[in-house]
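Side chains are part of it too, since the values below use all heavy atoms of this structure and drop only hydrogens, waters and symmetry mates. So that the names make sense, note that chain A is the first sequence line, chain B the second, and so on, each numbered from 1.
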There are 2 protein chains.
Amino acid sequence: MVAAGEAMESRIGRMCIERGLKMTGQRRVIARVLSEAEDHPDVEELYRRAAALDSRISVATVYRTVRLLEEKGILERRDFGGGRARYEATEDGDHYHLIDVDTGKVVEFEDAEHTALMRRIADRLGFELVSHRMELFARRKPATPVASDGAAAQRAAASKDESRR
Amino acid sequence: MVAAGEAMESRIGRMCIERGLKMTGQRRVIARVLSEAEDHPDVEELYRRAAALDSRISVATVYRTVRLLEEKGILERRDFGGGRARYEATEDGDHYHLIDVDTGKVVEFEDAEHTALMRRIADRLGFELVSHRMELFARRKPATPVASDGAAAQRAAASKDESRR
DNA sequence: ATAGGTGCAAATGTTTTGCGGCTTG
DNA sequence: CAAGCCGCAAAACATTTGCACCTAT
């Protein structure tokens with residue numbers, strides 16, 4: 001196991017240092033929370049988790065930090081509908097999100113074909129793609145009656161719990 | 001020309017009547033503004049245009065109307081970033097938007113292939129697609145240096161002015 | 001007449017900010 | 001020590017709503 005020291009820098013904490021950000025206590029805590037998050041928390045939720053580790057943190061700081069990290073390219077802001085922005089650490093390959101309209105759960109998936117398609121479209125219109133976004137809103141299928149299923153499912157899927165609204 | 005009577009119902013106005021909505025003066029004006037819009041105005045802008053035709057309209061009513069028409073499927077709400085929701089009349093075929101990150105202009109385009117792809121992806125993950133969204137953020141290309149251009153450009157593109165932010 | 005619209009202003013919910021004090025590099 | 005943070009509370013926005021009149025149907 002990873003001998004949990006105490007002042008050990010989290011993955012995102014290290015990224016902050018790399019970009020020359022001042023590391024305060026609260027920033028370190030928020031960085032840790034973000035590093036450990038496996039879902040797409042909104043600011044309120046990040047605040048809750050951070051405050052649980054160190055109570056001298058205010059929502060304002062969470063907002064400021066999350067904004068800063070987004071500018072630095074460390075975080076990405078998402079909008080899955082429902083008013084508040086959600087955040088997730090920037091990852092390497094492009095991936096997209098499918099939101100279960102009934103439960104609010106988010107399923108991530110990759111699709112290289114798609115990214116290429118977008119670039120091609122922009123190009124055809126005389127533009128250079130800067131960024132893009134795509135979200136699928138869907139409902140779980142009732143269960144495959146009979147038919148050939150077996151190895152039906154998927155590699156890519158990584159369901160995560162986040163039933164809030 | 002279409003003899004602009006005065007109480008003549010606009011396209012969206014007619015749709016309201018079809019669905020049994022009460023046609024008040026302000027609703028008629030808003031419907032007309034929406035019918036004539038060729039861009040993707042936000043509520044503030046709709047209010048401006050409507051108030052120019054009939055000053056006894058409040059923003060609250062525009063908000064209420066736009067919300068109602070969205071529920072009735074007459075309008076679609078869009079989010080192109082920048083805080084406020086934008087609206088556009090529901091059209092037949094799916095179309096998507098490319099936002100010029102420098103000017104804010106919106107270019108619409110269609111892509112049947114794409115819609116099918118999404119449905120397939122959802123299906124593969126065990127879901128039934130309810131709706132989806134996709135936006136491209138891009139920058140105009142500097143001009144094709146030499147190479148084969150000529151018939152370079154595009155059919156699909158329909159650029160529209162809306163440089164606001 | 002009556003269900004439903006409307007204006008106005010107050011309320012909401014999320015995110016930003018001004019400011020004096022405190023911390024990091 | 002200077003530049004940059006933080007907490008707090010107020011402010012800023014976009015959008016919604018309660019209430020007391022109006023008005024299409």
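- Counting to the nearest Å, the C1' atom of D:dC21 and the CD atom of B:Q26 are 13 Å from each other.
- One can place OH of A:Y47 at 14 Å from P of D:dC6, the figure rounded to the nearest angstrom.
- Of the N and O atoms on the side chains of A:Y63 and A:S58, not one donor lies less than 3.5 Å from an acceptor on the other residue.
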Using the 3.5 Å cut-off, write out each protein N or O paired with an N or O of nucleotides 21-23 of chain C and the distance between them.
none

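- Between the side chain of B:S35 and the backbone N or O of B:A31 there is at least one donor-acceptor pair closer than 3.5 Å.
- Between B:R28 and D:dA24, a side-chain N or O to OP1/OP2 separation shorter than 4.0 Å is absent.
- Ion pairing between B:D39 and B:K105 fails under the 4.0 Å rule for side-chain N and carboxylate O.
- Rounded to a whole Å, the CZ atom of B:R27 is 8 Å from the C1' atom of C:dG4.
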Under 3.5 Å, sequence neighbours excluded: what are the donor-acceptor pairs made by side chains of residues 70-78 of chain B?
residue: B:E70; atom: OE1; partner: B:R77; partner atom: NE; Å: 3.4
residue: B:E70; atom: OE1; partner: B:R77; partner atom: NH2; Å: 2.8
residue: B:E76; atom: OE1; partner: B:R78; partner atom: NH2; Å: 2.7
residue: B:R78; atom: NE; partner: B:E88; partner atom: OE2; Å: 2.7
residue: B:R78; atom: NH2; partner: B:E88; partner atom: OE2; Å: 3.1

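- Atom pair A:L68:CG and C:dT17:P shows a separation of 14 Å (rounding to whole Å applied).
- What separates CD1 of B:I30 from P of C:dG5 is a distance of 12 Å, to the nearest Å.
- In the displayed structure, A:R119 atom CZ is contacted under 6.0 Å by at most 12 heavy atoms of other residues, nucleotides or ligands.
- Between the side chain of A:R14 and the backbone N or O of A:E9, at least one donor-acceptor pair lies under 3.5 Å.
- With rounding to whole Å, A:R56 atom CZ is found 11 Å from D:dC6 atom P.
- Note: CG (A:L46) to C1' (C:dT15) measures 14 Å, nearest angstrom.
- With hydrogens and angles disregarded, no donor-acceptor distance shorter than 3.5 Å links the side chain of A:S131 to the backbone of B:F137.
- A side-chain contact (heavy atoms from CB on, under 4.5 Å) with B:Q26 is found for one member of B:V62, B:L53, B:D54, B:I57 and no other, namely B:I57.
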- Item | Intermediate values then yes/no, side chain to side chain donor-acceptor pair (under 3.5 Å), B:H132 and B:Y96 | CA-CA 10 Å; B:H132 63 272; B:Y96 304 94; 3.0 Å; yes
Protein N or O to nucleotides 14-18 of chain D N or O, pairs below 3.5 Å:
residue: D:dA14; atom: OP1; partner: B:R84; partner atom: NH1; Å: 2.2
residue: D:dT15; atom: OP1; partner: B:A85; partner atom: N; Å: 3.1
residue: D:dT15; atom: OP2; partner: B:Y63; partner atom: OH; Å: 2.8
residue: D:dT16; atom: OP1; partner: B:R67; partner atom: NE; Å: 3.2
residue: D:dT16; atom: OP1; partner: B:R67; partner atom: NH2; Å: 2.8
residue: D:dG18; atom: O6; partner: B:R64; partner atom: NH1; Å: 3.4

